[in-house]
Peer 1: 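I have a structure I would like to understand better, so I am pasting it below and will then ask my questions one at a time.
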Amino acid sequence: MANVILPSGERVVVGGAGLLAALRERGVTAAAVLVDGQVHDVRDPLPAVGEARVVSVDDPAALDVLRHTASHVLAHAVTRLYPGVKLAIGPAIADGFYYDFRFRAPLGRDDLPRIQAEMAKIIAEDLPIERVWLPRKEAEALLAERGEAYKLELLSEIPDERVSFYRQGEFIDLCRGPHLPSTGLVRHYALLDLAGAYWRGDASRDMLTRVYGTAFPTAEALAEHLRWREEARRRDHRTLGPELDLFSIQNETIGAGLVLWHPKGARVRHEIETFWKEEHYRAGYQLVYTPHVGRARLWETSGHLDFYREGMYSPMDIEGQEFYLRPMNCPFHIAIYKTHIRSYRDLPIRYAELGTVYRFERSGVLHGLLRVRGFTQDDAHVICRPDQIEDEVLACLELTLHILGAFGFRDYRVALSVRDPAHKEHYIGSDAMWEQAEGSLVRALERKGLPHVRMGGEAVFYGPKIDIHVLDSLKRSWQLTTIQFDFNEPERFDMAYIGDDGQAHRPYMVHRALLGSLERFFGILIEHYGGAFPAWLAPLQAAVLPVTEGEIPYAEGVAEELRRAGIRAEAWTRERKTLRWLIREAQVQKVPYMLVCGAREAAVGVVALRLRTGEDLGPQPVSAVVARIQDAVRARTAAI
RNA sequence: GCCCGUGUAGCUCAGUCGGCAGAGCACUUCCUUGGUAAGGAAGAGGCCGUCGGUUCGAUUCCGACCGCGGGCUCCA
């Protein structure tokens, strides 16, 4: 017997095994049962003690169950339409579900509506979904008879003697569950995409066809999700970038993954870099510049040729010496450090550089600005004494939040990556170093009030790290910041400082990048703002628009006045176009401020101010417009 | 790298069941002096991704290659 709370809030006591029947009697449609926050199948026996909460299909807790069942409906439809298809796996994922199949003939996007129509039939049939437990031998026989080679492989890895299947109509699938009670409960769904996927993500194994879809409890939620996808598509930086003339990537002429920053994109980058540099000087960093190539011995010493070779380009021969294009900046910063004997009084030393690096990425993974082969890291190396590391990490966090906040990123998720305690031998550095480093990261996060998730075994071999993910305006998560300890390179380069005891000591070194790379960050910013940059970043801040040819001299004077005040302004006088045309052009270019100059304004020395938002603020003295723009720029506000 | 899709003007895309290649925007010229998201007309612009095959004839059909897009464990 167990206490059960129904979706209505009513509490009932039912026998352990008969929950589904008991609910049916009461006319309750249950999607799943929550026991101690864990999602259970409604068909499972309830635990003897504790409280169970029955959730209906529209409960957020049942969303994964709904989607998992939707994936079975998909697989069911596919097996009806394509006899002989092989089933692989079909889980619920972050915002939907997928199912991997091996088809006999290629499947195209055009096939999706047909599959979706078949799904609609299966849903209309409202087939009851049963759970069937089979002894291992029988399960094997069943799967072998159906020729489900992938399922057999999965089965061989399940240790249990009894395995679970789910059956709906003529469709049966090896599955852990849980699932909805019947197919009719999947109502609001859509098939979205088709893609290739390796069986078990292994490039040496079969290529399967993955069908992506999503499902929601309500039509509104599904519609909202589809709108969100559409909005994300509309903001794609690969579309907006060329449209706003910000950048281009020209595979044929320049090379894949290599970015050309056009004047307008370069202007945005300049503003980002200027802000970044000023804040770094203010935070006690020293900026350095270092070369893009270095001798092979440098990369041998650093260890990159041992453990990072596949990410590096082939060496070039310069007067018989091998040189490599750099994949990282750190060896150069270390070389600067080593030009002097350093005292404990010199530390911390913080070298920062907007350092361009080149890394080999397979052609298939290149993606706009987000994944490229040449990029500029906003890199820095903090070299300090053991007693300074906690304050240094804290200062890094403060600088990070300050800089990210200026771009409107204020939702953070922090991951702390530490060693796999079971395999300490995979990591370099002593236990004491790891503990001290990790402790400093944790304490700095606590002092900053940043909650974090601890990820065991996620650290790289040379030290623990903090990664910060931000949520953009579409609530998508991007990893930007990384703060990582490096126990490797100080050792390899034999870095030292002289302590107050007169002895040489090994300093700690922390690598950190706040924005990640300027290319990737720019891509993210374009999507975050939908191309409408705030005033401080906008390539062109103000367009001065003459109504007729007669106002051209006046408009040019106004633009000149704005430029003298440090505002990026242009008088649009090149063509005699209607005001409507000029305004549309400025809107499309997402220029934040439009200054309309007609005869009325010119006569009294004012401008009519229109904002990118569509707001018409009417006649204003030029000085007031200048002050308004300067305020918005100074405050780095997203509002204009 | 691999799977699916895709490649026609600078951009967005029609089209040709094998027979001289089309639109809108952008560009050039002319007309228009226009008040808050496209005024009008004309012109120019193409190796229909590349190479090969079939054919009297290929942008179209077939093959290979190249580029681009989506994706390639969130594990029954």
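Throughout, a chain's letter reflects where its sequence line sits, starting with A, and its residues are numbered from 1. The structure presented is a predicted model; accordingly, all values stated were derived computationally and were not measured. Keep in mind that the numbers below use all heavy atoms, side chains included, and drop hydrogens, waters and symmetry copies.
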Peer 1: Just call it for A:Ala608: base, sugar-phosphate, or nothing, with non-hydrogen atoms closer than 4.0 Å on any strand.
Peer 2: base

Peer 1: Please state whether the phosphate of B:C27, meaning OP1 or OP2, lies under 4.0 angstrom from any side-chain nitrogen or oxygen of A:Arg574.
Peer 2: yes

Peer 1: Under 3.5 Å, is there a donor-acceptor pair between the A:Trp228 and A:Glu230 side chains?
Peer 2: no

Peer 1: Measure from the side-chain heavy atoms of A:Val596 and tell me the nearest of B:A37, B:G35, B:G39.
Peer 2: B:G35

Peer 1: Would you mind classifying the nucleic acid contact of A:Arg210 as base, sugar-phosphate or nothing, using non-hydrogen atoms under 4.0 angstrom?
Peer 2: sugar-phosphate

Peer 1: Go through B:G35, B:G71, B:C4 for me and flag the one nearest to the A:Met207 side chain.
Peer 2: B:G71

Peer 1: Is atom CZ of A:Arg413 surrounded by more than 12 heavy atoms (other residues, nucleotides or ligands) closer than 6.0 Å?
Peer 2: no

Peer 1: For A:Glu601, report the nucleic acid contact type (base, sugar-phosphate, nothing); a contact means any heavy atom under 4.0 Å.
Peer 2: base

Peer 1: Quote, to the nearest angstrom, the C1' distance that separates B:U60 from B:G71.
Peer 2: 30 Å

Peer 1: Mind checking A:Ala195 for me? I need base, sugar-phosphate or nothing, with any heavy atom below 4.0 Å counting as a touch.
Peer 2: base

Peer 1: Provide the distance between the two C1' atoms, one in B:U16 and one in B:C2, to the nearest whole Å.
Peer 2: 34 Å

Peer 1: Check A:Tyr98, A:Tyr99, A:Phe97, A:Tyr189 against A:Tyr212 for a ring pair (Phe, Tyr, Trp, His ring centres under 6.0 Å) and give me the one that passes.
Peer 2: A:Tyr98

Peer 1: Tell me the interatomic distance from A:Trp199, atom CH2, to B:G71, atom C1', rounded to whole angstroms.
Peer 2: 17 Å

Peer 1: Using a 4.0 Å heavy-atom cut-off, does A:Phe165 contact any base of the nucleic acid, only the sugar-phosphate backbone, or nothing at all?
Peer 2: nothing

Peer 1: Using the ring centroid of each side chain, check whether A:His72 and A:His76 are separated by less than 6.0 Å.
Peer 2: no

Peer 1: Which nucleotide, B:G34, B:C74, B:G71, lies nearest any side-chain atom of A:Tyr212?
Peer 2: B:G71

Peer 1: How close or far is atom C1' of B:G70 from atom CG of A:Leu370, stated in whole angstroms?
Peer 2: 14 Å

Peer 1: Using the P atom in both, what is the distance from B:G69 to B:C75, to the nearest Å?
Peer 2: 28 Å

Peer 1: Between C1' on B:G70 and CG on A:Asp236, what's the gap in Å once rounded to a whole number?
Peer 2: 11 Å

Peer 1: Please give the distance between the P atoms of B:A37 and B:U29 as a whole number of Å.
Peer 2: 28 Å

Peer 1: Does A:Tyr98 make a side-chain N or O approach to OP1 or OP2 of B:G70 shorter than 4.0 Å?
Peer 2: no

Peer 1: Would you kindly give the CG-to-P distance between A:Leu208 and B:C75, to the nearest whole Å?
Peer 2: 17 Å

Peer 1: Would you please indicate if the ring centroids of A:Phe165 and A:Trp133 are separated by under 6.0 Å?
Peer 2: no

Peer 1: Would you mind reading off the distance between A:Ile583 atom CD1 and B:U36 atom P, rounded to a whole angstrom?
Peer 2: 7 Å

Peer 1: Expressed as a whole number of Å, how far does the C1' atom of B:G5 sit from that of B:U28?
Peer 2: 38 Å

Peer 1: Can you confirm if the aromatic rings of A:His225 and A:Phe216 lie within a centre distance of less than 6.0 Å?
Peer 2: yes

Peer 1: Please report the distance, rounded to the nearest Å, between OH in A:Tyr198 and P in B:C74.
Peer 2: 15 Å

Peer 1: If you take atom types as modelled and just measure distance, does the side chain of A:Glu551 reach the base of B:G35 with a donor-acceptor pair under 3.5 Å?
Peer 2: no

Peer 1: More 5' along RNA chain B: A:Lys577 or A:Arg580, using each one's nearest nucleotide?
Peer 2: A:Lys577

Peer 1: In whole Å, what separates the P atom of B:G24 from that of B:A41?
Peer 2: 10 Å

Peer 1: Once you round it to whole Å, what is the distance between C1' of B:C68 and CG of A:Leu369?
Peer 2: 16 Å

Peer 1: Can you tell if the side chain of A:Trp581 reaches within under 4.5 Å of the side chain of A:Leu545, non-hydrogen atoms only?
Peer 2: no

Peer 1: For A:Arg238, answer base if it contacts any base atom (sugar-phosphate contacts may also be present), sugar-phosphate if it contacts only those atoms, and nothing otherwise; contact means non-hydrogen atoms under 4.0 Å.
Peer 2: sugar-phosphate

Peer 1: Where each pair must be Watson-Crick or G-U wobble with both distances under 3.5 Å, what dot-bracket representation of RNA chain B is obtained, with crossing pairs in [ ] and other-strand partners as |?
Peer 2: (((((((..((((.....[..)))).(((((.......))))).....(((((..]....))))))))))))....

Peer 1: Report yes or no: is the cationic atom of A:Arg114 (NZ for Lys, CZ for Arg) closer than 6.0 Å to the six-membered ring centre of A:Tyr82, at no more than 45° off its axis?
Peer 2: yes

Peer 1: How many Å lie between CD on A:Glu153 and C1' on B:U73, as a whole number?
Peer 2: 13 Å

Peer 1: Take atom C1' in B:C51 and the same atom in B:A58, then report the distance between them in whole Å.
Peer 2: 14 Å

Peer 1: Taking the same atom, C1', in B:A14 and in B:G22, what whole-Å distance lies between them?
Peer 2: 7 Å

Peer 1: Using the side-chain heavy atoms of A:Gln587, tell me which of these nucleotides is nearest: B:A37, B:G34, B:G35.
Peer 2: B:A37

Peer 1: Measure from the side chain of A:Thr548, starting at C-beta and using heavy atoms only, and say which of B:U33, B:U36, B:G71 lies closest.
Peer 2: B:U33

Peer 1: Please confirm whether the backbone N or O of A:Trp199 pairs with a side-chain atom of A:Arg102, one donor and one acceptor, at under 3.5 Å?
Peer 2: no

Peer 1: Between B:C68 and A:His367, is there an OP1 or OP2 to side-chain N/O distance shorter than 4.0 Å?
Peer 2: no

Peer 1: If you measure from CE on A:Met207 to CG on A:Asp100, what distance do you get to the nearest 0.5 Å?
Peer 2: 10.0 Å

Peer 1: Of the options B:G34, B:G69, B:U36, whose atoms approach the side-chain atoms of A:Asp616 most closely?
Peer 2: B:U36

Peer 1: Among B:G35, B:C72, B:U36, find the nucleotide with the atom closest to the side chain of A:Arg600.
Peer 2: B:G35

Peer 1: Among B:G34, B:G35, B:G70, which nucleotide sits nearest the side chain of A:Thr578?
Peer 2: B:G34

